[in-house]
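Contents: one structure, followed by commentary.
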Amino acid sequence: MKVALFVTCLADSLYPQVAEAMVRVLHHLGVQVEFPEAQTCCGQPAFNSGYAEEARVVARTLLDAFRSYEYVVSPSGSCCGMIHHYYPDLFADDAGRRAEAEALAEKTYEFSQFVVRVLGVTDLGAKFSARATYHPSCHASRLLGVREEPLQLLAHVHGLELVPLPYASDCCGFGGTFAVKMGALSAAMVRDKVKNITATEAEVLVGTDMGCLMNIGGRLAREGQRVRVMHLAEVLYEGLRNARRESVG
C-alpha cells in the first residue's frame, strides 16, 4: 500500500520528529509513504479568520498535490477536519473542484484512524513503561469522530498504564487563531486542562494534534510540571524501538 503524507504546518515547521515517527510506524506496518513537496497549509487559519478566498488558494494546491494518491494520512485531526468538513463548501460554485474536494475528503485520514480503520491494526507490539493520560483534541473527536482509535492503540502498548483524564473532552483553549484573538480565555482554559492532567499524576501526556500538545506543553513548562508531552505516533515509535531492543538483548 502507498500513501501520501500530509505533514501539516506545525509538524513541518516545529515538530518534524512527529511526522518522522508516524512515517516509521507506517513503514513498520508495511506501508510505503511518499511526500508530495507541492503541499502547503490546509488553509484553516485563513478560513477561520474569514478569508475564504485565501483559503481556496491553498486548498487548490492540496487538491493538486494529493490527486494521484489512494490514501492521504496526517498526524493532525484538525487539518483533516478542515478537509473533511469545509473543503467541499469552499468550492460550492465550482463543480469540478468540489468533486475533487469531496474525493480528497473521502481518502484523507488522521493517523490513528488510518491504522485502526484501514489497516485493521490495534496492537503493534510496542513496549513503553510509563503512567500516561490521553487528551482527545476537539477537531479529531468532534469533526472526524476519532474517539476510540487512539485509546485502542494505547491500550495495546505493553507496560503503559493509561489513566483517565478528568473532563477529558474539555477544550485545551488553543483553537488556532482563537488562542491569539481570545488570549485571556484561552489561558484560563489551558490552566484548567493542566490542573486536570497533573491530578492524574501521569508522567506522559499523549495526544493526536500538535496544536493542542504545543499549547498544553507550554503551560506545563511554565508551571514547572515534569510531564512529558508526546504525540501518539511518538509513543508507538518509541515503543517499537523498546521492543526491538528487548528482543535483541
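Not measured: the values here are computed from a predicted model. Positions are given from 1, in the same order as the sequence printed here.
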Measuring only between side-chain heavy atoms, which start at C-beta, is [X] closer than 4.5 Å to [Y]?
X      : Y      : value
Val58  : Leu62  : no
Tyr109 : Cys80  : no
Val235 : Leu154 : yes
His139 : Gln44  : yes
Arg219 : Gln225 : no
Leu185 : Met189 : yes
Val3   : Tyr69  : no
Asn48  : Phe178 : no

More than 12 foreign heavy atoms under 6.0 Å from [atom1] of [X]: is that the case here?
X      : atom1 : value
Glu37  : CD    : no
Met1   : CE    : yes
Glu148 : CD    : no
Glu106 : CD    : no
Tyr51  : OH    : no

I'd like to know if the side chain of [X] reaches the main chain of [Y], judged simply by a donor and an acceptor atom lying under 3.5 Å from each other, with no hydrogens or angles considered.
X      : Y      : answer
His85  : Leu143 : yes
Asn242 : Lys127 : yes
His84  : Thr108 : yes
His135 : Gly207 : no
Tyr71  : Val118 : no
Ser49  : Ala46  : no

Go through Arg24 and Glu238 one step at a time and tell me if the salt bridge (Lys or Arg N to Asp or Glu O under 4.0 Å) criterion holds. CA-CA 10 Å; Arg24 290 187 181 277; Glu238 187 166 323; over 6 Å; no
If I take atom [atom1] from residue [X] and atom [atom2] from residue [Y], how far apart are they, to the nearest 0.5 angstrom?
X      : Y      : atom1 : atom2 : answer
Ser137 : Leu144 : OG    : CG    : 8.5 Å
Lys193 : Leu165 : NZ    : CG    : 5.0 Å
Glu203 : Thr133 : CD    : OG1   : 12.0 Å
Ser129 : Leu160 : OG    : CG    : 8.5 Å
Arg147 : Arg142 : CZ    : CZ    : 8.5 Å
Arg191 : Ser186 : CZ    : OG    : 9.5 Å

Parallel, tilted or perpendicular, judged at 30° and 60°: which one describes the rings of Phe47 and Tyr86? tilted
Parallel, tilted or perpendicular: which one describes the rings of Phe111 and His231, with boundaries at 30° and 60°?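 The rings of Phe111 and His231 sit tilted, inter-plane angle from 30° to 60°.
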Using the rule that two of Ile, Leu, Val, Met, Phe, Trp, Tyr join whenever any of their side-chain heavy atoms come within less than 4.5 Å, decide whether [X] and [Y] are in one cluster.
X      : Y      : answer
Val72  : Phe91  : yes
Val73  : Leu240 : yes
Tyr15  : Leu213 : yes
Leu232 : Leu26  : yes
Leu205 : Met210 : yes

Can we say [X] and [Y] salt-bridge, meaning some charged N sits less than 4.0 Å from an Asp/Glu carboxylate O?
X      : Y      : result
Glu110 : Arg117 : no
Asp192 : Lys195 : no
Asp94  : Arg56  : no
Glu100 : Arg67  : yes
Glu70  : Lys2   : no
Arg131 : Glu201 : no

Do you know the tightest heavy-atom contact between [X] and [Y]?
X      : Y      : value
Ser112 : Leu153 : CB-CD1, 3.8 Å
Pro75  : Val18  : CB-CG1, 4.1 Å
Thr200 : Pro166 : CG2-CD, 3.6 Å
Cys212 : Phe174 : N-CD2, 4.2 Å
Ser74  : Thr8   : OG-CG2, 3.2 Å
Val204 : Val227 : C-CG1, 4.0 Å

Taking it one step at a time, do Arg98 and Asp89 satisfy side-chain contact (heavy atoms from CB on, under 4.5 Å)? CA-CA 7 Å; Arg98 181 181 176 88; Asp89 289 342; 3.7 Å; yes
Is it true that Ser76 and Asp209 share a donor-acceptor pair across their side chains at a distance under 3.5 Å? yes
Gln39 vs Thr61, side-chain hydrogen bond (donor to acceptor under 3.5 Å, both in side chains): CA-CA, chis, key distance, verdict: CA-CA 6 Å; Gln39 65 181 283; Thr61 303; over 6 Å; no
Are Phe35 and Val23 close enough, and set up right, to give a side-chain contact (heavy atoms from CB on, under 4.5 Å), and what steps lead you there? CA-CA 10 Å; Phe35 178 74; Val23 170; over 6 Å; no
